[in-house]
Amino acid sequence: MPSKTSLFNKELILDILRSTGWISIVYFLGLTFALPIRMLMMYTDDNNMHHLVPVRNLFEYDYAIQLGLLMVVPILLAVFMFRYLQVKPAADFMHSLPVRREKIFHHYALAGMVGLILPVAIIAASVFFLHGALSLDRYFGSEDIVYWAAATVLLSLLLFTAGVFVGMMTGISAVQAVLTYIFLVFPAGITLMVFYNLKILLFGFPSDYYMTINLEKLSPLTTAALLNERILQGWELLLFAALTVLLYCMSLYLYKRRKIESSTEAIAFPKLRFLFKYGVTFCTMLVGGMYFGEVQNNSIGWIVFGYVIGAILGYLAAEMVLQKSWRVLGKVKGLAVYGVAVAILLTIVQMLGIYENNVPGQEEVKSVILADTPHIYPRPENYGFNYSPAPIKGEDNIEAVRKLHEQIVSDKKVDQFAGGEEPVETAFFLYELKNGDKVIRQYRINRLLYEDFYKSIHESEEYRRASNEIFNISPEEVNHLTITSNGPSNHFVTINMPQEIKEIIAAIQSDILQESYADSRYFGYYQPSIEVVIQKDHFIQLNLNPSYKKLNKWLEDKGLIEKVKVMPEEVSYVQIGKYEKEKHDSFEVNVEQIAHDFEKHADVLKVTDKKQINEILNTAGMGDKHQYVAVLHFEGRVYPELLYFDEEHTPDFIKKAIK
Amino acid sequence: MIEIINVSKTFDTYMAVKNISLTIQKGSIYGLIGSNGAGKTTLIKLLAGIYLQEQGTVSIDKEPVFENLNLKEKVFYLPDQPYFLPQYTTRQMGSFYRSFYPNWNEERFKQLAEWFELDLHKKIHSFSKGWQRQAAFILALSAKPETLILDEPMDGLDPVVRKKVKNLLIQDVADREMTILISSHNLREIEDLCDHIGIIHKGEILLEKELDELKADIHKIQVAYKEGMPNHLVKSLDILHTEKRGSVTLLIVRGNEDGIAEQIRKTRPVIFDILPLTLEEIFIYEMGDIGYAIKNIIV
């Protein structure tokens with residue numbers, strides 16, 4: 001009799017159905033409660049119906065149930081489906097039959113997929129029915145049903161094939177389940193940990209710049225957790241489908257190469273055991289360093305402690321899984337080797353300093369961006385419009401930026417906090433080299449230490465034009481412009497006239513080019529704010545500093561200055577005292593307390609003269625170097641305001657009065 | 001014909017089968033004897049296409065077994081612990097096997113069930129160990145394989161059933177030249193069934209013999225002389241073992257029975273008998289020192 005070769009073996013499917021059919025039934029019942037029954041409960045209750053609003057997507061119905069099912073069912077199914085592979089007698093039995101491995105695999109894997117698709121398809125059909133029967137168009141459309149079904153199916157298939165893929169590499173069902181979840185969060189987790197730890201290890205590593213990628217998109221599990229909030233893009237769904245196909249093919253490849261005797265082994269492929277052991281050790285080491293770094297405020301001692309503890313625990317845990325015994329304390333030779341290897345590697349990296357000392361040479365650099373934040377690229381989906389500074393190309397400026405960079409690098413050992421009166425700021429460098437490479441660095445620095453460097457860069461016209469968005473818009477784009485005072489009355493003017501907008505923008509541009517670096521650092525806070533609105537979520541924010549001579553003059557000429565600035569008449573009196581770091585400079589300064597203390601002090605100047613008050617209003621600021629403190633008391637307001645003077649800006653009458 | 005040539009199989013660092021070669025002719029019943037952990041099961045699983053050897057070839061009728069669909073349709077493997085799909089009845093298992101083995105004979109399946117008085121519609125897992133094994137035999141024989149691989153098949157069967165099963169096996173071998181590989185840790189259990197015996201120890205085949213030839217080739221002889229045994233006789237015979245009980249000498253001699261008898265008669269012994277030798281005795285003498293070391297597996 002010729003052997004009948006059919007692609008499809010009914011008996012095998014029957015066996016699969018008998019052993020795992022219950023999972024699909026549970027899935028179906030769960031979804032029934034979450035969607036059709038929930039909808040019936042909501043939309044047939046006449047008393048409640050008029051409160052109900054349209055939903056963003058169908059994931060909003062009992063999302064907790066939906067998410068729970070989505071996170072658990074596909075992986076549970078993958079574990080139960082390939083249970084036969086992890087139990088020795090079953091594995092022997094199945095592979096003694098006259099059937100090729102790929103055929104067995106296709107039967108089980110595809111049956112699992114059908115078992116995930118079918119419940120969703122039936123639910124989608126019943127929701128379609130309800131949608132028509134109850135006229136639910138007010139709440140969601142039929143395209144929402146299609147999106148829900150597609151997203152649910154594609155995500156669950158991805159989770160399922162991930163479970164199958166992991167199942168091919170392990171011989172224990174429990175390990176398969178645990179490793180599947182780890183595998184699914186791995187891309188997000190390892191990215192986070194590597195960036196975080198490189199920040200600790202490498203001086204200047206721009207982790208925040210890299211971290212601007214969306215971590216939650218890197219794992220299907222976190223993506224699933226946000227399904228009710230975020231509509232997935234078409235390409236994301238396609239990516240899920242592509243990854244599912246890829247995992248399916250890789251699983252098949254592994255299945256064909258897997259040895260049947262590896263059931264009950266934690267890791268089925270001997271070569272992977274090595275990778276598993278040291279992979280786990282490495283990851284837990286990073287977690288340990290990150291945890292203790294975070295909890296103990298980046299203290300080096302604790303970070304090292306975290307690395308050591310993390311590596312030891314991870315190594316032992318991996319060994320326990322591999323040996324299937326918790327008595328593994330005698331087998332630490334590998335850990336010692338690992339420790340030595342890591343130590344040598346770290347020493348080499350630290351000693352050579354290839355990364356840390358790499359400041360590109362003058363002739364290599366094509367352009368550079370110097371910014372005080374690593375978030376220089378627009379991410380409209382998160383924060384609205386964000387201006388990206390233009391790269392600087394002038395040779396002198398590149399030279400100046402490189403000098404600054406070199407100085408920061410050579411100051412690696414300098415404590416940037418010591419003697420600094422200002423919290424540390426970020427210096428962000430992004431070089432584009434002539435050969436197309438990029439060199440990106442980020443440092444936390446005390447600007448005061450680098451004032452000369454910054455001054456020469458900031459005061460160059462090129463830098464000013466590159467770093468201020470106001471130079472990169474045309475007045476015609478501007479919708480309107482608002483200038484708001486910062487006083488107790490909060491008055492403002494709005495300017496709509498194209499001609500006036502044009503004049504103001506020209507004035508601002510000229511003022512920015514004229515302003516000294518010191519003034520631009522000193523003023524700002526407490527000065528009136530200018531908002532140049534281009535469109536709804538795109539606007540430029542500036543301060544009307546006293547140093548903006550042209551704009552101030554323009555406002556005076558138009559008679560608007562009183563509407564946008566705090567006028568002396570609004571201030572009842574000002575107390576001025578000598579600056580004391582401990583009392584007057586902390587994140588929790590209590591201005592009322594300072595005012596109260598000043599009442600009792602003899603060397604405190606109380607200013608009530610309106611002319612002097614006006615001078616104070618035009619000279620006080622924040623800056624980095626404080627000499628005097630001014631407490632402003634307003635008419636009709638209880639809360640006083642705190643401002644500072646530096647040596648350069650302090651009016652003479654104050655200097656004379658307070659020695 | 002089953003041919004295993006220079007096959008080795010390693011689990012991690014442990015070599016379970018070391019460079020084994022053996023041949024089993026079509027229609028023969030080959031007994032594989034070995035103690036626990038000797039490598040019997042590993043060798044059997046290699047032959048059943050479950051494991052893949054690292055070295056050497058495992059073939060049936062000149063074709064490699066591993067992932068060879070057409071070949072495996074004619075090979076049935078019965079493990080030492082019979083495996084059935086969970087919650088299945090013998091009837092359902094029958095349908096399952098029928099979908100894989102094209103030679104499956106439904107009539108024979110029913111006949112055998114009747115003959116063993118086995119309830120086809122009862123779940124196999126509720127059966128006792130002995131009944132489960134009978135169910136496994138029914139299923140195996142209904143698949144009408146050309147090669148049947150049995151791993152410790154007689155465990156848990158009572159003597160009556162054992163006899164029944166043996167008769168069935170011999171009948172299939174006689175009727176349609178089925179080849180059987182049967183393993184056991186006990187020679188006595190299968191000596192009446194096999195025509196060939198191989199002894200496996202620590203992953204190596206120590207000895208491979210045809211039983212009839214073996215029995216014809218080795219003899220236990222009892223002699224007594226008035227003036228002691230003549231020296232030239234000791235030199236001319238291929239004596240494996242000598243034992244003295246009073247004036248009677250017990251010899252285990254290899255060689256042609258008639259030739260030995262003739263030589264001894266020439267020396268005019270007072271007593272001369274050729275005694276029957278049990279199979280285990282043959283093995284022990286045949287294998288010399290190793291024979292004593294592994295005595296427990298062949299007795």
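Lettering of chains follows the sequences in order, A, B, ..., and the numbering in each one begins at 1. No experiment lies behind these values; they were computed from the predicted model shown. Hydrogens, waters and symmetry mates play no part in the numbers below; they use all other heavy atoms, side chains included.
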Engineer: For B:Phe11 and B:Tyr51: C-alpha separation, side-chain torsions, deciding distance, then whether ring-ring contact (aromatic ring centres under 6.0 Å, His included) applies.
Structural biologist: CA-CA 11 Å; B:Phe11 298 117; B:Tyr51 293 169; 5.4 Å; yes

Engineer: Less than 4.5 Å to any heavy atom of chain B: does that hold for the side chain of A:Ser19, its backbone, both, or neither?
Structural biologist: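 Contact with chain B is absent: no heavy atom of A:Ser19 under 4.5 Å.
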
Engineer: Please determine, among A:Leu12, A:Leu97, A:Ile260, A:Leu14, the option with the most heavy-atom pairs under 4.5 Å with chain B.
Structural biologist: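 Among A:Leu12, A:Leu97, A:Ile260, A:Leu14, the one with the most close pairs to chain B is A:Leu97.
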
Engineer: Check whether A:Asn9 gets within reach of chain B through its side chain, its backbone, both or neither, counting any heavy atom under 4.5 Å.
Structural biologist: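 Contact with chain B: side chain only.
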
Engineer: Is a salt bridge present between B:Lys9 and A:Glu261, judged by a nitrogen-to-oxygen distance below 4.0 Å?
Structural biologist: yes

Engineer: Go through it in stages, so that I can follow the logic: the residues are B:Glu208 and B:His196, the test is side chain to side chain donor-acceptor pair (under 3.5 Å), and I'd like the CA-CA distance, side-chain angles, deciding distance and then a yes or no.
Structural biologist: CA-CA 7 Å; B:Glu208 209 187 345; B:His196 284 75; over 6 Å; no

Engineer: For B:Asp12, is it the side chain, the backbone, both, or neither that has a heavy atom closer than 4.5 Å to a heavy atom of chain A?
Structural biologist: side chain

Engineer: When the aromatic ring centroids of A:Phe105 and A:Tyr248 are compared, is their separation below 6.0 Å?
Structural biologist: yes

Engineer: If I measure from the heavy atoms of chain B, does A:Pro270 come under 4.5 Å with its side chain, its backbone, both, or neither?
Structural biologist: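 The side chain, not the backbone.
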
Engineer: For B:Asp172, is there an ion pair with B:Arg176 - N to carboxylate O distance below 4.0 angstrom?
Structural biologist: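 Result for this pair is yes, salt bridge flagged.
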
Engineer: Relative to each other, are the rings of B:Tyr88 and B:Phe96 parallel, tilted or perpendicular (30° and 60° limits)?
Structural biologist: perpendicular

Engineer: Just give me the residue among A:Arg100, A:His95, A:Arg101 that pairs up with chain B most often, heavy atom to heavy atom, under 4.5 Å.
Structural biologist: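 When all of A:Arg100, A:His95, A:Arg101 are compared, A:Arg101 has the most.
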
Engineer: Let me know if B:Leu52 has heavy atoms under 4.5 Å from chain A in its side chain, its backbone, both or neither.
Structural biologist: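 Looking at B:Leu52, nothing touches chain A.
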
